[in-house]
Amino acid sequence: MIQRVSPLVASLLGVVLGVLATLLAVIATRTRPVADDPVATPVLPPMLVTTIEHLRGPAVVLGPHDEVLTESPAAASSGLVRGRRLAAEVLELVREARREHEPGVLNLNVPGGLGMPARKLAVRVAPLGEELVLMVADDRSEALRVDETRRDFVANVTHELKTPIGAVSLLAEAIAGAADDPDAVLHFTQRLSDEAARLNELVSQIIALSRLQSTDPLLAASPIDIAEVVDVVLDQARALADSRGITLTQHRSGAAFVRGDRDHIEAALRNLVQNAIAYSDAGARVTITTRLSSDTAGDWVEISVSDNGIGIAEADQPRIFERFFRVDYGRSRASGGTGLGLSIVKHIAAAHGGTVSLWSRLGQGSTFTLRLPAHHPDSDAEGTAA
Ligand code: ADP
């Protein structure tokens, strides 16, 4: 016998059945095998994921819809991945690789931003089977920069050497042509010897610079008393300063030691003092001040060389430590300058874990500060006793 159901119960039953059907549909979708689902995320072999995670450079594995499935830590900041997608240029390369079933390469300039410098990346993509594509990028910025610097250096050295070598051969001809005039011969001979000295200085500085770049002064480091170094440098500079009417003074507060190569530290200070003398006029004062400072990185010895000479315009200051950069070529040449002194100072500072900085104002003077990690001689004794 069929019993009649009230309309209220019938509509309630309808609602319950509807909810159940929806639930079943959802459960069915969740448990459907991945292979049957056209939009399911492929499961990557754990070894592939671990490999990508350990890569230093940007690396990404893409799924069948060009979605990022896994990425290396460097990928996010590379500028190549935006959210779960690749940058448009790289995506184009990926699609070509899929079409051709072949790896592809692209050199990409990524503009800087958000504290990241602009970079030159070599991007490679390779299909991994039918669905996946691997993308790896290699940051070539540093290698290209070093290459460019090396090329510039060779070009500069060639140019710088040509001037004195040209002068030497011209003067030799002039001497030969003035054989009957002893005064002229004397004059040209003096100039010849000046050019030879210039050539000698230039070659010595080039050798010093290339040695500095290839050796680590801290390998042969010993404790250095900065007061002794300052005394030696000031003694050596005294004759030149006197001849130019320039006064040399020094201030020091307490003992200051650093660990490093004494000859290098002396050479750095000598360069700064010679510059201070060369780029100041008669009556000027050059002062070396030694002080100690501390910050979260540790204790420092700061050696400042100040002059009240010609100063350096703000626009020239960023380039002042570059090899062969000179504000006034004539004045540099007249004082026997090579344009290499400050880049040598910069290298020496860096090789000792320090820095060299500049404060200057045109017409007022300059202060170059060499900042080196302080050494505490007592800590050696403690270390030995322990
Ligand atoms: P240079 O052999 O020409 O002195 P440096 O590398 O030592 O080469 O210095 C580069 C340039 O920096 C110099 O040519 C000069 O123009 C400028 N300079 C260096 N020191 C000073 C200073 N104390 N005052 C003014 N200009 C300076």
Side-chain angles (χ1 to χ4, degrees), residues 149 152-153 155-157 159-164 167 194-195 197-213 230 233-234 236-237 240-241 243-250 264-289 302-351 355-371:
T149 312
D152 278 2
F153 184 54
N156 282 334
V157 166
H159 174 78
E160 296 290 333
L161 285 174
K162 267 186 179 163
T163 315
D194 288 350
E195 289 301 334
R198 192 186 305 287
L199 205 52
N200 186 28
E201 177 66 10
L202 187 57
V203 171
S204 315
Q205 298 252 40
I206 291 168
I207 292 171
L209 197 56
S210 76
R211 280 218 184 106
L212 267 171
Q213 284 168 327
V230 170
V233 169
L234 285 179
Q236 288 170 348
L240 177 66
S243 72
R244 310 248 353 245
I246 288 169
T247 313
L248 297 180
T249 54
Q250 68 161 310
H264 284 173
I265 303 283
E266 238 177 69
L269 266 186
R270 194 166 36 244
N271 266 306
L272 294 179
V273 171
Q274 280 174 356
N275 277 350
I277 296 170
Y279 301 107
S280 298
D281 296 322
R285 178 181 291 274
V286 171
T287 307
I288 303 189
T289 308
E302 292 181 359
I303 315 151
S304 302
V305 178
S306 310
D307 63 66
N308 52 355
I310 60 173
I312 301 162
E314 215 170 310
D316 293 322
Q317 292 180 17
R319 300 197 58 198
I320 212 77
F321 294 99
E322 278 176 25
R323 286 180 291 212
F324 297 115
F325 178 81
R326 281 158 280 191
V327 174
D328 176 347
Y329 185 89
R331 183 157 184 156
S332 161
R333 192 178 148 84
S335 63
T338 59
L340 289 175
L342 286 180
S343 58
I344 289 177
V345 176
K346 188 175 148 191
H347 269 94
I348 292 173
T355 55
V356 56
S357 57
L358 163 67
W359 174 92
S360 189
R361 199 152 286 160
L362 203 57
Q364 286 186 25
S366 310
T367 297
F368 286 87
T369 302
L370 200 54
R371 191 169 190 254

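Just so you know, ligand 1 is whichever comes first in the structure, and atom 1 is the first atom listed for that ligand. We number each residue from 1, following the sequence as shown.
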Determine whether T338 and E160 satisfy the following criterion, side chain to side chain contact (heavy atoms under 4.5 Å, CB included), listing intermediate values before the conclusion. CA-CA 8 Å; T338 59; E160 296 290 333; over 6 Å; no
More than 12 non-hydrogen atoms from neighbouring residues, nucleotides or ligands closer than 6.0 Å to CZ on R211, yes or no?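 Counting other residues, nucleotides and ligands, CZ of R211 stays at 12 neighbours or fewer.
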Could you check whether atom CZ of R285 has more than 12 heavy atoms from other residues, nucleotides or ligands sitting under 6.0 Å from it?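 No.
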Does the cation-pi check pass for R323 over F153, that is, NZ or CZ under 6.0 Å from the six-membered ring centre and within 45° of its axis?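 Here R323 passes the 6.0 Å and 45° test against F153.
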Any nitrogen or oxygen of N275, main chain or side chain, under 3.5 Å from a nitrogen or oxygen of ligand 1?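 Yes, since at least one N or O of N275 sits under 3.5 Å from an N or O of ligand 1.
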Please say whether F368 places an N or O atom under 3.5 Å from an N or O atom belonging to ligand 1. no
What distance separates R331 CZ from I310 CD1, expressed to the nearest 0.5 Å?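 Interatomic distance, R331 CZ to I310 CD1, rounded to 0.5 Å: 4.5 Å.
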Which value, rounded to the nearest 0.5 Å, describes the distance between I348 atom CD1 and E266 atom CD?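 I348 atom CD1 to E266 atom CD measures 10.5 Å (nearest 0.5 Å).
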Nearest neighbour in protein (non-hydrogen) for [atom]:
{"atom": "atom 14 (O) of ligand 1", "value": "R326 CG, 3.0 Å"}
{"atom": "atom 8 (O) of ligand 1", "value": "G339 CA, 3.1 Å"}
{"atom": "atom 3 (O) of ligand 1", "value": "S332 OG, 2.6 Å"}
{"atom": "atom 12 (O) of ligand 1", "value": "I320 CD1, 3.2 Å"}
{"atom": "atom 6 (O) of ligand 1", "value": "L342 N, 2.8 Å"}
{"atom": "atom 23 (N) of ligand 1", "value": "D307 OD2, 2.9 Å"}
{"atom": "atom 21 (C) of ligand 1", "value": "Y279 CD1, 3.5 Å"}
{"atom": "atom 10 (C) of ligand 1", "value": "F325 O, 3.2 Å"}

Under 4.0 Å from any heavy atom of G341, which atoms of ligand 1 are there? 5 (P), 6 (O), 7 (O)
Which of I277, L342, T367 passes side chain to side chain contact (heavy atoms under 4.5 Å, CB included) with L272? It is L342
Using the side chain to side chain contact (heavy atoms under 4.5 Å, CB included) rule, pick out the option among N271, V356, V286 that qualifies with V305. V286
Should the proximity of L272 to ligand 1, defined as any heavy atom under 4.0 Å, be assigned to the side chain, the backbone, both, or neither?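 The answer is neither; L272 stays 4.0 Å or more away.
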So is I312 in contact with ligand 1, going by heavy-atom distances below 4.0 Å?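 Yes, I312 has heavy atoms under 4.0 Å from ligand 1.
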Non-hydrogen atom of S366 closer than 4.0 Å to ligand 1: yes
Do you see a donor-acceptor pair shorter than 3.5 Å between the side chains of T249 and T287?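 Distance-only check passes for T249 and T287.
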